[in-house]
Amino acid sequence: MRLSIGHTTLAFVSTHIEDDALQGSLFGLLRVLFGRRFVLAELYDLVLVLGDMVLQAEAAAVRSACAKLYLTFVLSYPLGPRRLQQQLS
């Protein structure tokens with residue numbers, strides 16, 4: 001059940017992450033997911049999107065929030081050598 005909720009939540013976040021009206025709430029939701037240390041493939045893919053948003057978002061607040069989430073993920077989640085290289089490039 002717990003993984004089902006995680007998959008559903010990540011699907012929602014992935015779909016709406018670039019919606020300006022929802023970004024604040026979605027970033028808060030991602031902080032909770034990171035705090036609970038969910039390890040799902042979709043989460044790793046979503047972090048790549050956050051990395052792109054760090055560089056491409058127009059609003060400084062969005063860039064800052066994405067950078068904090070990205071850094072939290074890279075420092076606290078298990079990353080194999082290939083996945084780490086993917087995250088850093």
Side-chain angles (χ1 to χ4, degrees):
M1 170 113 166
R2 188 173 181 192
L3 289 179
S4 170
I5 292 170
H7 288 289
T8 304
T9 303
L10 286 175
F12 179 81
V13 171
S14 296
T15 304
H16 299 287
I17 192 71
E18 297 196 18
D19 184 353
D20 294 337
L22 296 175
Q23 281 177 339
S25 300
L26 295 178
F27 293 152
L29 186 57
L30 286 174
R31 279 191 292 276
V32 170
L33 289 174
F34 288 177
R36 293 197 175 248
R37 308 277 310 236
F38 277 91
V39 179
L40 302 168
E42 294 89 348
L43 188 61
Y44 286 81
D45 296 336
L46 182 60
V47 169
L48 292 175
V49 174
L50 289 175
D52 290 340
M53 290 177 71
V54 168
L55 301 173
Q56 298 175 357
E58 293 180 22
V62 172
R63 288 193 306 268
S64 175
C66 289
K68 288 177 186 176
L69 286 167
Y70 188 85
L71 184 61
T72 299
F73 180 84
V74 170
L75 293 177
S76 62
Y77 269 75
L79 298 170
R82 199 172 78 212
R83 185 63 89 160
L84 180 61
Q85 184 61 35
Q86 181 184 17
Q87 294 292 338
L88 296 178
S89 62

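Because the structure is a prediction, the values reported are computed rather than measured.
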Would you call the rings of Tyr44 and Tyr77 parallel, tilted or perpendicular, where under 30° means parallel and over 60° means perpendicular?
perpendicular
Are Leu75 and Leu33 connected into the same hydrophobic cluster when the rule is that any two of I, L, V, M, F, W, Y join if their side-chain heavy atoms are below 4.5 Å apart?
no
Looking at Gln23 and Val62, what are the two nearest heavy atoms and their distance?
OE1-CG2, 3.1 Å
Met53 and Arg63: which non-hydrogen atoms are nearest, and at how many Å?
O-CG, 3.9 Å
Chi angles and distances behind the side chain to side chain contact (heavy atoms under 4.5 Å, CB included) call for Leu22, Ile17
CA-CA 7 Å; Leu22 296 175; Ile17 192 71; over 6 Å; no
Out of curiosity, does Val74 fall in the hydrophobic cluster containing Val54 (side-chain heavy atoms, cut-off under 4.5 Å, transitive links)?
no
So how far is it from Tyr70 OH to Leu55 CG, rounded to the nearest 0.5 Å?
9.0 Å
Stepwise side chain to side chain contact (heavy atoms under 4.5 Å, CB included) check, Phe34 with Val47:
CA-CA 11 Å; Phe34 288 177; Val47 169; 3.9 Å; yes
Asp19/Leu26 under side chain to side chain contact (heavy atoms under 4.5 Å, CB included): CA gap, chis, key distance, verdict
CA-CA 10 Å; Asp19 184 353; Leu26 295 178; 5.9 Å; no
Group every Ile, Leu, Val, Met, Phe, Trp and Tyr by side-chain heavy-atom contacts under 4.5 Å, then state whether Val39 and Val13 land in the same group.
yes
Within the structure provided, determine whether Leu43 and Phe73 are in side-chain contact (heavy-atom separation under 4.5 Å).
yes
For side chain to side chain contact (heavy atoms under 4.5 Å, CB included), just list the numbers for Ser76 and Arg37, CA-CA rounded to whole Å, side-chain angles, deciding distance to a tenth of an Å, and then say yes or no.
CA-CA 8 Å; Ser76 62; Arg37 308 277 310 236; 4.2 Å; yes
Which atom pair, heavy atoms only, marks the closest approach of Phe27 to Cys66?
CZ-SG, 3.6 Å
N/O donor-acceptor pair under 3.5 Å between Ser14 side chain and Leu10 backbone
yes
Just verifying a value: how many Å separate Ser64 OG and Leu69 CG, rounded to the nearest 0.5 Å?
9.5 Å
Co-membership, hydrophobic cluster, residues Leu50 and Leu71, 4.5 Å side-chain
no
Calculate, to the nearest 0.5 Å, the distance between atoms NZ and CG belonging to Lys68 and Leu30 respectively.
14.5 Å
